[in-house]
Amino acid sequence: MNKKFPFTDSPDTACFTCRHILEGNKPMLYVSHDKDGYWQFLCGGNHTEDDARVVSLANILSIDESMEIMAELDYGEYAEAEDETSDWNVRYMNK
């Protein structure tokens, strides 16, 4: 039985992540749904341009299925967690 894709965006929607997550070194601790529609799934650390990667939303869910809860983030919202066991804090981005 196939589970319904939780995001309103297509599974092949491009989103930004960092090499730290893709290499399995760090968990996702920052997620944003930017006002322009882009998604970011990051580790919450400091990044350089060389750390940036582009993957699909489906790929993000294959790395961490719990990210399906982020499908409810509206444009201009972001969520942060202190660590893997912390609750997510959802906020609006500054204008």
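These values consider heavy atoms only, across backbone and side chains, with no hydrogens, waters or symmetry-generated copies.
Inter-residue side-chain proximity for F41 and L57 is flagged as met; some heavy-atom pair is nearer than 4.5 Å. Using a 4.5 Å heavy-atom threshold, the side chains of L61 and P6 count as touching. Under the 4.5 Å side-chain criterion, counting only non-hydrogen atoms from C-beta, H47 is in contact with H20. Side-chain contact between C18 and R53 is absent, with no heavy-atom pair separated by less than 4.5 Å. The closest side-chain heavy-atom distance from I69 to W88 is below 4.5 Å.
The shortest heavy-atom contact between F7 and M67 is CZ-O, 3.7 Å. Among all heavy-atom pairs drawn from I21 and L42, the shortest one is CD1-C, 3.4 Å. Minimum interatomic distance between K35 and Y75 (heavy atoms only, all atoms of both residues): O-CD2, 3.9 Å. Heavy atoms only, all atoms of each residue included: A81 and S86 are closest at CB-O, 4.2 Å.
Within a 6.0 Å radius of OH in Y92, no more than 12 heavy atoms belonging to other residues, nucleotides or ligands are found. Counting non-hydrogen atoms of neighbouring residues, nucleotides and ligands closer than 6.0 angstrom, the CG atom of D87 reaches no more than 12 such neighbours. The number of heavy atoms from other shown groups lying within 6.0 Å of CG (D83) is above 12.
In terms of the side chain to side chain contact (heavy atoms under 4.5 Å, CB included) criterion, T8 has no residue partners (sequence neighbours excluded).
Following chains of ILVMFWY side-chain contacts shorter than 4.5 Å, one can reach V55 starting from V31, so the two form part of one hydrophobic cluster. Residues F5 and I63 are members of one and the same hydrophobic cluster, defined by side-chain heavy-atom contacts under 4.5 angstrom among Ile, Leu, Val, Met, Phe, Trp and Tyr.
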For I60 and C15: C-alpha separation, side-chain torsions, deciding distance, then whether side chain to side chain contact (heavy atoms under 4.5 Å, CB included) applies. CA-CA 9 Å; I60 290 294; C15 55; 3.6 Å; yes

Output, in order, the C-alpha distance, side-chain angles, deciding distance and verdict of side chain to side chain donor-acceptor pair (under 3.5 Å) for S10 and D12. CA-CA 5 Å; S10 170; D12 64 352; 2.4 Å; yes

For R91 and Y78, run side chain to side chain contact (heavy atoms under 4.5 Å, CB included): C-alpha distance rounded to whole Å, both residues' side-chain angles, the deciding distance at 0.1 Å, then the answer. CA-CA 6 Å; R91 296 184 175 89; Y78 68 96; 3.4 Å; yes

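The residue from D34, T13, D9 that alone fulfils the side chain to side chain donor-acceptor pair (under 3.5 Å) condition with W39 is D9.
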Name each donor-acceptor pair under 3.5 Å that joins a side chain in residues 22-30 to protein atoms two or more places apart or in another chain, with its distance.
from: E23; atom 1: OE1; to: R19; atom 2: NH1; distance (Å): 3.3
from: E23; atom 1: OE1; to: N25; atom 2: ND2; distance (Å): 3.4

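We find the NE2-CE distance between H33 and M93 to be 9.0 Å, quoted to the nearest 0.5 Å. Between M70 atom CE and E77 atom CD the span is 10.5 Å, to the nearest 0.5 Å.
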